[in-house]
Amino acid sequence: MELLRTWLGHPEDIYNLLRFKMGGYRAVMPRIDPDSLGLGLRTCYRYLNQTSRSFAAVIQALDGELRHAVCIFYLVLRALDTIEDDMTISLDVKVPMLHEFHSYLYQPDWKYMESKEKDRQVLEDFPTISMEFRNLSKVYQDVISDICHKMGVGMAEFLEKKVDSQREWDKYCHYVAGLVGIGLSRLFSASELEDPIVGQDTELANSMGLFLQKTNIIRDYLEDQLEGREFWPREVWSRYAKKLSDLAKPENIDMAVQCLNELITNALHHVPDVLTYLSRLKNQSVFNFCAIPQVMAIATLAACYNNKQVFRGVVKIRKGQAVTLMMDATNIQAVKAIMYQYVEEIYQKIPSTDPSSNKTQQIIASIRAMSLPGGPMASRHHYSPIYLSCAMLLAALSWQYLSTISKAAEEYVQAGEN
């Protein structure tokens, strides 16, 4: 049924799904040869694939030694996050662990065997991860250790603290995502694949992380409510409801959507920084690594904007849409065109009665101004009707076969939807 809807309404998506499954994914996500790695690194990449559907593929597509540094960076932060998420660890144990976690990187035998979390293997075999960390160049070690320290302190701060003001929302998102953007940017520059300014401009790098994290928080309202978590800032939602959970009640849906639109407008303010950041990148693998999540995020916000479904279930972007984004987002002009397309989609849905409508229009105007004068689709791919017709026919005939291949690549697409 999804294939039929895509075929009828989005022919470019079906063409790209076919192209992606027949090998196009290798252009954006080439795989690493495990036989070329030592035992420790091979184990780390196995953990990477086990703990992350989305990041494993794009990390392995990075060039040179940067690939290993980012892999270890991810696993270290995954281990830290696993401790923070584990509700079976008492606070008097957890808080000191979060504060001191960066020091465990230099303790060859440190491991934690008491976690009940699904990703506990990164704690139980932390000696392998920390050994590969110590095998990295010192310039990479310093970045990873510093970010790990700052993130641990931030996580400890918000363990028993709810997000009240918009300033605190930015602070929380900085600790859990902005610092990741800053750390990655410093690794990019340390590898010399990118210029020093990429790692030095922490404000832009922070915005890269905040845009992704805010998108996730906005989209995951209902899931977080069902699991007893609250990340929407009280300063905003308290203007629309007495309790955050009240937004899910059918009688409050109009106010809930207005609250949703205000938060999406807040998140859109990071897009100009995102475009400036991406415009500085010169290495193709780094660009793909950074750009793909950002275009997935803007597509997700466009799907969520003014959408009551956020409070009733899961809002996803189409699988074909996700593939099209991955295939297209390989240069700054294409990314600008994609951003333009989706903010235009949001603009067309702005209700005249929405309290945030003026602010939404203003930030969209700013994003438009950063786009190319050639029009919103100037650098996107276009295909003739005959190519699209052939692609759709071939896709219809061979879909069942094609769906059995490219499993790793497809998992990345599914994660982009989730």
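Given the structure is predicted, the values throughout are model-derived calculations rather than measurements. Values reported hereafter were calculated over all heavy atoms of this structure, with side chains retained and with hydrogens, waters and symmetry mates removed. Positions are given from 1, in the same order as the sequence printed here.
Between Asp119 and Tyr47 the shortest side-chain heavy-atom distance does not fall below 4.5 Å. Side-chain atoms of His102 and Lys150, non-hydrogen and from C-beta on, never get closer than 4.5 Å to each other. Residues Glu223 and Arg229 form a side-chain contact, since some pair of their non-hydrogen atoms from C-beta on lies under 4.5 Å apart. Taking 4.5 Å as the limit, some side-chain heavy atom of Trp232 sits within range of a side-chain heavy atom of Leu260. Between Leu98 and Lys94, some side-chain heavy-atom pair lies under the 4.5 Å cut-off. Counting heavy atoms from C-beta outward, Leu212 and Met208 have side chains that stay 4.5 Å or more apart. The shortest side-chain heavy-atom distance between Met326 and Met296 falls under the 4.5 Å cut-off. In this structure, the side chains of Leu193 and Phe188 stay at 4.5 Å or more apart for every pair of heavy atoms.
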Please lay out, stage by stage, how Tyr240 and Glu262 fare under the test side-chain hydrogen bond (donor to acceptor under 3.5 Å, both in side chains).
CA-CA 11 Å; Tyr240 301 93; Glu262 181 173 345; 2.6 Å; yes
Residues Ser356, Asn261; criterion side-chain hydrogen bond (donor to acceptor under 3.5 Å, both in side chains); working and verdict:
CA-CA 7 Å; Ser356 304; Asn261 291 347; over 6 Å; no
Check the pair Asn266 / Lys359 against side chain to side chain contact (heavy atoms under 4.5 Å, CB included), numbers first and verdict last.
CA-CA 9 Å; Asn266 176 296; Lys359 291 182 179 179; over 6 Å; no
Before you tell me yes or no, could you show the steps for Leu268 and Ile298 under side chain to side chain contact (heavy atoms under 4.5 Å, CB included), namely the whole-Å CA-CA distance, both residues' side-chain angles and the distance that decides it to 0.1 Å?
CA-CA 8 Å; Leu268 287 174; Ile298 191 65; 3.6 Å; yes
Tell me, with the steps shown, if Lys111 and Asp125 meet salt bridge (charged side-chain N to carboxylate O under 4.0 Å, His left out).
CA-CA 6 Å; Lys111 57 186 175 181; Asp125 193 19; over 6 Å; no
How far apart are the C-alpha atoms of Cys290 and Val274, what are their side-chain angles, what is the distance that settles it, and do they pass the side chain to side chain contact (heavy atoms under 4.5 Å, CB included) test?
CA-CA 9 Å; Cys290 295; Val274 168; over 6 Å; no
Please lay out, stage by stage, how Asp246 and Asn252 fare under the test side-chain hydrogen bond (donor to acceptor under 3.5 Å, both in side chains).
CA-CA 7 Å; Asp246 288 345; Asn252 297 329; 5.1 Å; no
Could you give me the CA-CA distance, side-chain angles and deciding distance for Glu157 and Lys171, then say whether salt bridge (charged side-chain N to carboxylate O under 4.0 Å, His left out) is met?
CA-CA 11 Å; Glu157 178 182 336; Lys171 187 177 184 180; 2.9 Å; yes
Given Tyr112 and Phe126, is the ring pair (Phe, Tyr, Trp, His ring centres under 6.0 Å) satisfied, shown in steps?
CA-CA 8 Å; Tyr112 186 73; Phe126 198 74; over 10 Å; no
Give the C-alpha distance, both sets of side-chain angles, the deciding distance and a yes or no for side-chain hydrogen bond (donor to acceptor under 3.5 Å, both in side chains) between Ser191 and Tyr140.
CA-CA 8 Å; Ser191 72; Tyr140 295 134; 4.7 Å; no
Take Ile332 and Phe287, measure what side chain to side chain contact (heavy atoms under 4.5 Å, CB included) needs, and give me the verdict at the end.
CA-CA 9 Å; Ile332 186 59; Phe287 187 91; 4.3 Å; yes
Candidate pair Arg120 and Asp86, rule salt bridge (charged side-chain N to carboxylate O under 4.0 Å, His left out), full reasoning
CA-CA 10 Å; Arg120 60 185 176 274; Asp86 195 332; over 6 Å; no
I'd like to know whether Lys138 forms a salt bridge (charged side-chain N to carboxylate O under 4.0 Å, His left out) with Asp142, so could you lay out the CA-CA distance, the side-chain angles of the two residues, the decisive distance to 0.1 Å, and finally the verdict.
CA-CA 6 Å; Lys138 186 176 185 302; Asp142 290 347; 2.8 Å; yes
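Atom CG in Leu179 sits 10.0 Å away from atom CG in Leu210 (nearest 0.5 Å). Interatomic distance, Gln213 CD to Tyr172 OH, rounded to the nearest 0.5 Å: 5.5 Å. In this structure, SG in Cys304 is found 12.5 Å from NZ in Lys316, a value given to the nearest 0.5 Å. The line from CG of Leu41 to CG of Leu48 is 11.0 Å long, rounded to the nearest 0.5 Å. Note: Ile364 CD1 to Met339 CE = 13.0 Å, rounded to the nearest 0.5 Å. Residue Ile72 holds its CD1 atom at 3.5 Å from SG of Cys44, rounded to the nearest 0.5 Å.
The heavy-atom pair separating Glu65 from Ser137 by the smallest distance is OE1-OG, 4.4 Å. The heavy-atom pair separating Glu168 from Lys162 by the smallest distance is OE1-O, 3.8 Å. The two atoms that bring Asn288 and Ala329 nearest to each other are OD1-O, 4.0 Å, heavy atoms only. Residues His270 and Ser207 come closest through the heavy atom pair ND1-OG, 3.4 Å. Pairing each heavy atom of Gly40 with each of Glu132, the nearest pair is CA-OE2, 3.3 Å. Scanning all heavy atoms of the two residues, the minimum distance from Leu91 to Pro96 falls at O-CD, 3.9 Å.
By the 6.0 Å and 45° rule, Arg368 stacks over the aromatic ring of Tyr347.
Side chains of Thr360 and Thr265: a donor on one and an acceptor on the other come within 3.5 Å. Using a 3.5 Å distance cut-off with no hydrogens or angles, the side chains of Glu194 and Asn283 do not pair a donor with an acceptor. A donor and an acceptor atom, one from each side chain of Arg78 and Thr82, are nowhere located under 3.5 Å apart.
Between Tyr104 and Trp110, the ring planes are parallel. Angles under 30° get that label, and only those over 60° would be called perpendicular.
Atom CD of Glu160 has 12 or fewer heavy atoms from other residues, nucleotides or ligands within 6.0 Å. Under a cut-off of 6.0 angstrom, the local environment of NZ in Lys161 is crowded, with over 12 non-hydrogen atoms contributed by other residues, nucleotides or ligands. For CD of Glu235, the number of neighbouring non-hydrogen atoms (other residues, nucleotides, ligands) closer than 6.0 Å is greater than 12. Within 6.0 Å of atom CZ in Arg239, more than 12 heavy atoms from other residues, nucleotides or ligands are found, so the atom counts as buried in its surroundings. Heavy-atom contacts from other residues, nucleotides or ligands closer than 6.0 Å to NZ of Lys349 number more than 12. Around CD of Gln361, the count of heavy atoms belonging to other residues, nucleotides or ligands within 6.0 Å exceeds 12. In this structure, Arg234 places its CZ atom where only 12 or fewer heavy-atom neighbours from other residues, nucleotides or ligands lie under 6.0 Å away.
Put simply, the side chain of Ser285 never gets that close to the backbone of Leu62: no donor and acceptor are under 3.5 Å apart. With hydrogens and angles disregarded, no donor-acceptor distance shorter than 3.5 Å links the side chain of Ser185 to the backbone of Ala205.
Ring centers of Phe73 and Phe133: at least 6.0 Å apart, outside the cut-off. Two rings, from His68 and Tyr45, have their centers less than 6.0 Å apart.
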